[in-house]
Amino acid sequence: MRHNDLQEIGEFGLIKRIAGRTRRKDPFVQVGIGDDAAVITPSSPAVSGKRTGRLLITTDSLVEDVHFRRNSPPDDLGWKALAVNISDIAAMGGVPRHYLVAISIPPSLSVEYLDSLFAGMKDAADRYGLSLIGGDTTSSPDRIYISITVLGETSDGAVLRNGARPGDNVFVTGTLGDSALGLRILEKTEVRGQRTEDRYRTIVKRHLRPTPRVKEGIILAKSGMVNSMIDVSDGLLADLGHICEESGVGARINVDKLPLSKGFRMLSTEYGGLELALSGGEDYELLFTGSPLLPSFLEKTKGVKYTAIGEIVKEKGIAVSGADGSFYAIKGTGYDHFRRK
Ligand code: ADP
Ligand code: MG
């Protein structure tokens, strides 16, 4: 295998390669490639004469047959395409403001489908207070491509991935694994041509219409108590891996502490169990670190529902264990678009 084989270097190897080859000095770029969103100084204080806030910019694409199937509801797809981008702004502790949509469409697609897609996007935009300010529309030979860019802002300083320190706790908002379980349930019911049963519906919705934690991200950033943050898009272990790599630390996770929904506890066993909470992606919860021993940690993070799931340690790597000290075997660490394990 050649060294520059995509399947060898993987998605993240490729991104590092691009970053390395395109790097240049730019005093207006506070954070470039490598975090959930870029952090930009919108204009020089020397020009505007005053201290300005920071602009946050992020982009994410959804590709038919990679991220979604044609038969999944287009309004849910629209919601999700925007929500996953909003989530990257949330992961910086920012406020999302505007978005652009670049879409490539096979000419045979119905206008109803597109109306519904954009209606779902508008739902998410209304819910989180964003307006559509532009985009691009082209034809595509056979598949649908949706690429969204979201602009946001922060005045209190964005929370990056690189601030975790040994002794910190690792926290996560909400519950883990629901989205991956929802996807498995959907796939199974689709194969059988069934409608999704009622008791599965909340879990499936967590996959189809994820909830970016915008309010939570803003509170956590404002608290000044959080030294690293990321959203769980690739899976808990993979995303914690990003925090650890950027911070130069390792982590220990206690599986018994993972926050699981009632539905997940009831239904997950036959679909892979805890593995889904550890490595399944697309929960779009916020994963963050900080020291709960700091005075007023609880007070300042009030209003956010989160769970401590482990701690940051000096030794590199992520160890996963149960409360009784037993180690948990990790099968996958998350999704990579190219890498062959
Ligand atoms: P996330 O899951 O938070 O959206 P990704 O894993 O997609 O982040 O990307 C990691 C980082 O690499 C981000 O800062 C993103 O902007 C950057 N990135 C990804 N692909 C490219 C690319 N083709 N060119 C430049 N930067 C990229
Ligand atoms: Mg992210």
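Atoms within each ligand, like the ligands themselves, are counted from 1 in listed order.
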Contact residues of ligand 1 with a heavy-atom cut-off of under 4.0 Å? Phe12, Ile15, Ile18, Ile33, Gly34, Asp35, Asp36, Asp60, Asp88, Arg161, Ser233
Using side-chain hydrogen bond (donor to acceptor under 3.5 Å, both in side chains), reason through Asn85 and Thr58 one step at a time and then give a plain yes or no. CA-CA 7 Å; Asn85 278 281; Thr58 186; 4.6 Å; no
Tell me the side-chain hydrogen bond (donor to acceptor under 3.5 Å, both in side chains) pairs involving residues 92-103, sequence neighbours left out? Arg97-Glu153
Electrostatic pair Arg206:Glu285 at N-O distance under 4.0 angstrom: yes
Do NZ/NE/NH1/NH2 and the carboxylate oxygens of Asp75 and Arg209 come within less than 4.0 Å? yes
Taking the Mg ion (ligand 2) as the center, what protein N, O or S atoms are found at less than 2.8 Å? Asp36 OD1, Asp88 OD1, Asp231 OD1
Flag, side chain of [X] to backbone of [Y], donor-acceptor distance under 3.5 Å:
X: Asp178; Y: Asp283; result: no
X: Asp239; Y: Ser233; result: yes
X: Lys316; Y: Cys244; result: no

Members sharing Ile15's hydrophobic cluster, built from side-chain contacts under 4.5 Å between Ile, Leu, Val, Met, Phe, Trp and Tyr, are Phe12, Ile33
In terms of ring plane angle, is the pair Phe288 and Phe171 parallel, tilted or perpendicular, where the classes change at 30° and 60°? parallel
